[in-house]
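Values below: every heavy atom of this structure, side chains too, minus hydrogens, waters and symmetry copies. Reminder, nothing fancy here: chain letters follow the sequence lines and each chain counts from 1. Everything quoted here is computed from the prediction, not taken from an experiment.
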Protein chains: 2
Amino acid sequence: MTTIDDVARAAGVSVSTVSYALSGKRPISASTRERIEAAVRELDYRPHAGARALASARTNVLALMAPLRVDVNVGVIMQFVTGVVTQAQTYHHDVLLLTQDDHAGVERVAAGSMVDAVIMMDVEADDPRLPILRRQRQPAVLIGLPRDTAGFSCVDLDFESAARSAVDHLLRLGHRSIALVGSPQAVLDRHTTYAARMVRGFTEEAARAGVAAVFEPCESSHSGAVAAVDRVLTRLPGVTGIVVHNEVALPAVLATLRERGRSVPDDISVVAVCPTDVAVGQPQQLTSVDIPATAIGGVAVDMAMARLDGTQLAETRLISPVLTARATTGPAPA
Amino acid sequence: MTTIDDVARAAGVSVSTVSYALSGKRPISASTRERIEAAVRELDYRPHAGARALASARTNVLALMAPLRVDVNVGVIMQFVTGVVTQAQTYHHDVLLLTQDDHAGVERVAAGSMVDAVIMMDVEADDPRLPILRRQRQPAVLIGLPRDTAGFSCVDLDFESAARSAVDHLLRLGHRSIALVGSPQAVLDRHTTYAARMVRGFTEEAARAGVAAVFEPCESSHSGAVAAVDRVLTRLPGVTGIVVHNEVALPAVLATLRERGRSVPDDISVVAVCPTDVAVGQPQQLTSVDIPATAIGGVAVDMAMARLDGTQLAETRLISPVLTARATTGPAPA
DNA sequence: CTATGGTGTCGAAGCGCTTCGACGACCGAG
DNA sequence: CTCGGTCGTCGAAGCGCTTCGACACCATAG
């Protein structure tokens, strides 16, 4: 292994000069810098991460706690992860991947000074990991919105507002009888707040407009989707507009509607709440409210970095939803 | 931060004694050990990862290079990742997530001594990352099979054999006219070898049995699946058995067959090559050859660890396929 | 009773890097 | 000219941990 000593010797300067030349934290003459850079290239020098972490109390690594269960919307998770990793790169940070249920993970990694900050996905209302996270000295960013955000930076899509805009879109098209096919019961039971926020936005907006509205949770499987659609059709036979907030069940929901003799969008309009690429990847291009997962992941990193260099305090940021009308919504049938 | 010094002082022993008590690398009397453990608990001591890495040349971190593109079989990737992370935990290792196309990533992370080993997914025949990987001192494990495996441990499903067993299953049911709907052309062009190995196994086995066989690549989208099925139906109108090696297109392939008036399995039998959970998550339970992604990820970690403690040389391990008959295959129509 | 060999513990030397304080050299201002 | 101030560089002190060699102690064998 070539060390900073080797570089210093090769360039004929002291170790500290090399360090300063490389970090730019003190002025170094052009000629010296060039000699050092040449030596670095020549010797293919790469600083030892551990030594650097020890001396500088910075690791250039971020912890990302992601739900690696396969049952839920894998694609969306992947997009968050991609957003985080990609944005981290621009800050010269790497990403340490922790699994959701490895509670000791955060502690190990943060208390052991392996990371500069922690980003946590899929936060529940009273997430048991939050107290642990709070007592670490590294800043933490949550993707999601717990009951008590004190001390944390939070970022998420404004799901309440997403629900409202989906409902408004249907209202403007004249629909007076609408339904929400949402997350699996397990997700609601876990008090993952995006699911609840979605339901609240949907219910409130429908109530405000005085239209008939039902909500049905939906398991993420073919049979779950069939069951959910049938429950909706039973409870609200005259339904003409459906908001679907469940990427996995989406295709099955559409298929089931067709099977039950309802044509989309002639009999029933469908608005999905999902990443754009899944909305346009279906046989029918779906009207959808985008979940900008990659972008949110990126923002999470930005917030973590801002906290790190002290330019910003903890804050909560809710991203405004954007609805794009495509082929699955139309005027309510007469 | 509490350091090993604090613990030593609290327990009334020297720093080295604490280190040995914690690592178990030298015998320590029961009474001393207990005092030390008490102090550790009391002070909530957590060793500094960087310091440890510096002193011991071990980081307890693994690099995992995964294709975070969203276009391909996200679910499968996730399963590999899960397998790796989970198994790494049993060896007290964490996982640093690198993206496929960050070529500099391996070098940065390995040359900078951030990781003890590297695991690389989605390897191409002449992968440009391999030379870089070869010149690092850390062992590397590939999930996949490049042309030249020298110096690497490799693990993958035996796709050739998987294709054979899918074909054999169809042959035994009397099918004499079969097709393979496979990976997207882009994957083949990239020379990702699993795709090619699959095609080879399929083609050879069909030829050996003297049955009519066609192969069609298939884009991972609804329209891609429709097109691929139609191409198959055109080239081989009498086809009665189809092997599908494309998780994403799977539902659309089945839907298209139905739309073209072919009933499964009465007119056409379908064998999928995919993880079991996607095979049973479809409206119809699919006969499938399992891709044991989680297990393979775990094996990759095992191999990396075995290399690390020198108990094993580099080797290639191909996992034998297991076919499970379910609802989508039946006797060839008369 | 001495030689022998475990056991259990300690001190000190690094591991490779950052950073602080110091110090010449050189500049322009007075 | 001299004085203060930059600029560019250096030496040394850690950062927190592991590990090597040394050594004291005790039990057993000769």
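B/V15 comes within 4.0 angstrom of a base, heavy atoms only. At the heavy-atom level, B/P47 lies under 4.0 Å from the strands shown only through sugar-phosphate atoms. Looking at heavy-atom distances under 4.0 Å, B/S23 makes no contact with the nucleic acid at all. When heavy atoms are screened at a 4.0 angstrom cut-off, A/S19 is found touching base atoms of the nucleic acid.
One interatomic measurement links the two molecules: CZ of A/R26 to P of D/dT6, which rounds to 15 Å at whole-angstrom precision. Remark: C1' of C/dC17 and CG of A/D5 are 10 Å apart, rounded to the nearest angstrom. The nearest whole Å value for the distance from the CG atom in B/D6 to the C1' atom in D/dC17 is 13 Å. Atom-to-atom, NZ of A/K25 to C1' of C/dC17 comes out at 11 Å; the value is rounded to the nearest Å. Separating the CG atom of B/L22 from the P atom of D/dG16 is a distance of 16 Å, rounded to the nearest angstrom. Rounding to whole angstrom units, OH of residue B/Y20 and C1' of D/dC17 are separated by 11 Å. One can place CZ of B/R46 at 16 Å from C1' of D/dC17, the figure rounded to the nearest angstrom. Going from atom CZ of A/R33 over to atom C1' of D/dC7 covers 12 Å, rounded to whole Å.
Using modelled atom types and a 3.5 Å distance limit, the side chains of A/Q138 and A/R307 yield no donor-acceptor pair.
Between C/dC10, C/dC17, D/dG11, one nucleotide has an atom nearer to the side chain of A/A55 than all others, and that is C/dC17. Out of D/dC17, C/dC10, C/dT19, the shortest distance to the side chain of B/A51 is found at D/dC17. Among the nucleotides D/dG16, D/dG8, C/dT9, the one closest to the side chain of B/M1 is D/dG16. The side chain of A/T17 lies closest to D/dT9 when the candidates are D/dC17, C/dT18, D/dT9.
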- I would like to know whether B/E107 and A/R46 meet side-chain contact (heavy atoms from CB on, under 4.5 Å); could you show each step before the answer? CA-CA 9 Å; B/E107 184 140 34; A/R46 206 86 41 160; 3.3 Å; yes

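Partner B/Y91 forms a side chain to side chain donor-acceptor pair (under 3.5 Å) with one of B/D116, B/D302, B/N60, B/D309 and no other, that one being B/D302.
For the atom pair A/M121 CE and A/I77 CD1, the distance stands at 5.5 Å (nearest 0.5 Å).
Side-chain N/O atoms of A/S16 and base N/O atoms of D/dG11 include a donor-acceptor pair closer than 3.5 Å.
Within the 4.0 Å cut-off from OP1 or OP2 of D/dC10, at least one side-chain nitrogen or oxygen of A/S14 is found.
Position along DNA chain C of the nearest nucleotide to B/T32 versus A/L54 favours B/T32 as the more 5'-ward residue.
Under a 4.0 Å N-O distance rule, the pair B/D156/B/R197 qualifies as a salt bridge.
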